[in-house]
Amino acid sequence: MALSNVVETPASGFNFENVSRNVALKGLLEGGHTKAPKPMKTGTTIAGLVCKDGVVLGADTRATSGEVVADKMCAKIHYISPNMYCCGAGTAADTEKTTDLLSSNLTIFSMNSGRNPRVVMAVNILQDMLFRYRGQIGASLILGGVDCTGNHLYTVGPYGSIDNVPYLAMGSGDLAALGILEDRFKPNMELEEAKELVRDAIHSGIMSDLASGNNIDICVITKQGVDYIRPYQESEYKDKRQRRYKYRPGTTSILTEKIVPLELEVVQETVQRMDTA
Amino acid sequence: MGQHIGAYGVQDTLRSGFSSVKNELLPSHALELSEKNFQLNQDKMNFSTLRNIQGLHAPLKLQMEYRAARQIQRLPFLQSSHLALDTLKGNDESISFEDILNDPAQSEMVGEPHIMVEYKLGLM
């Protein structure tokens, strides 16, 4: 329906029209007994370290919304490019959308230039994007990848700060995980030892932090490829509820079966060669 | 709705209602101002750097091209692709929130064609 008070098409991008309404609503709600809904945060313990053959990233799988566990099998290790993965802590939607945007931009770049993107490029794109929005996008990310210059591990804070380090932990459980990493990290570790160390770090985060829990995911990135082990270790307190409630084939017994073949006659046949060069 | 500036630089009461000081003073989002001017500020910065490096001719030529590309548009109530302008600015090789959120092609409010054209031509 055409409205006569619209004289210009609205600009694309973020729209701040509802901000004053939200502030007024919040004032009304705080007075009563209802509270404004909280966005889903990933709480989290995420950790990463650089070993001899590549980079190992680890994360727990719990997402909280206020005091309730919103998702028990949340995937916190996001795909960026074939040689880079990113763990995200903070607001769940922000980390997912930011890593999605980053992955799309890097795909366009690699299609344009014919090269695999470098980790520093991803980090710079993230830094520009997060600094532009002054920390309103609540995403703390650990970016790890293997490229032509070696194995890299970077951390990007929500305001756009970056740091290049050999081992790292972020999220609400980072202090516990960092303690384990500080104690047992050695440069140029073997792959199996590195996986065990990351698992122990995430485990201590799960034990000591309320907002981290459930399973542990591990992602190993090497020059040969990526091994995304989900879950690396399942929690003992697993739910007995199934996620899918499909019936097994054979649940309903078949009483009779009648097959009527459909008579078809080939009238015309044309073959068109596809140009697959 | 944002404030419409009507004739003589005063607020357009017909389109945005009575003006009130309280509306202006209410807290707006921390990013509202910075986002409104972001592209302009980026362009200003880039042009001034370009001027310092290559001399005045470089930003002049670029701005002339931008101005020419900006004029390739449909009438105001129709969607224009801005293809030439996007290619000049380099936006055809990147995806940002401007491409995902609030797509004008899918906006719920449609304007009256006659009024939009008159507004663009400055007749109202």
Side-chain angles (χ1 to χ4, degrees), chain A residues 1-27 80 93-94 96-114 117 121-122 124-126 128-139 158-160, chain B residues 1-2 4-6 12 14-17 22-36 38-39 41-42 73-80 82 90-120 124:
Chain A
M1 198 185 81
L3 298 173
S4 38
N5 60 339
V6 176
V7 287
E8 281 173 325
T9 41
S12 53
F14 286 112
N15 188 347
F16 297 103
E17 276 174 7
N18 286 334
V19 174
S20 39
R21 176 206 75 168
N22 288 350
V23 171
L25 271 181
K26 204 164 164 207
I80 305 280
D94 287 346
E96 280 189 37
K97 261 287 172 277
T98 314
T99 45
D100 260 353
L101 271 180
L102 176 65
S103 166
S104 307
N105 276 323
L106 288 180
T107 318
I108 297 179
F109 164 79
S110 47
M111 283 200 273
N112 256 338
S113 63
M121 180 176 181
N124 276 320
I125 294 178
L126 271 180
D128 286 339
M129 195 193 305
L130 291 176
F131 183 65
R132 172 177 171 177
Y133 297 106
R134 295 295 185 279
Q136 299 286 333
I137 297 187
Y159 282 82
Chain B
M1 308 297 148
H4 286 303
I5 305 294
D12 196 347
L14 182 65
R15 255 166 230 104
S16 29
K22 192 166 138 199
N23 281 341
E24 314 267 329
L25 286 181
L26 265 182
S28 60
H29 203 263
L31 288 180
E32 193 169 348
L33 272 178
S34 92
E35 275 300 298
K36 203 162 35 162
F38 184 77
Q39 206 47 52
N41 288 338
Q42 283 286 96
Q73 267 189 46
R74 294 207 167 128
L75 287 174
F77 54 91
L78 291 172
Q79 293 311 312
S80 359
H82 300 288
N91 289 340
D92 60 336
E93 289 177 350
S94 68
I95 301 181
S96 69
F97 288 115
E98 274 80 30
D99 301 306
I100 305 177
L101 299 174
N102 233 357
D103 192 6
Q106 297 176 358
S107 96
E108 300 148 347
M109 299 194 294
V110 179
E112 249 284 298
H114 298 288
I115 297 185
M116 290 179 91
V117 174
E118 284 180 19
Y119 184 79
K120 181 168 182 213
M124 5 176 57

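Labels below follow one simple rule: chain letters A, B, ... track the order of the sequence lines, proteins then strands, and each chain is numbered from 1.
With a threshold of 4.5 angstrom between heavy atoms, B/Ser107 approaches chain A through side-chain atoms but not through N, CA, C or O. Using a 4.5 Å cut-off between heavy atoms, B/Phe77 makes no contact with chain A at all.
Between B/Leu101 and A/Phe14, the shortest heavy-atom contact is CD1-CE2, 3.3 Å. Nearest heavy-atom pair, A/Gln136 versus B/Ala30, reported as atom, atom and distance to 0.1 Å: NE2-CB, 4.0 Å.
Residues satisfying the ring pair (Phe, Tyr, Trp, His ring centres under 6.0 Å) criterion with A/Tyr159, sequence neighbours excluded, are absent altogether.
Counting only residues at least two apart or in different chains, side-chain hydrogen bond (donor to acceptor under 3.5 Å, both in side chains) contacts with residues 101-114 of chain A comprise A/Asn112-B/Glu93.
In this structure, CE in A/Met129 is found 6.0 Å from CZ in B/Phe97, a value given to the nearest 0.5 Å. The OH atom of A/Tyr133 lies 9.0 Å from the OG atom of B/Ser34; values are rounded to the nearest 0.5 Å.
By the 4.5 Å heavy-atom criterion applied to side chains, B/Glu35 and A/Phe16 are counted as neighbours.
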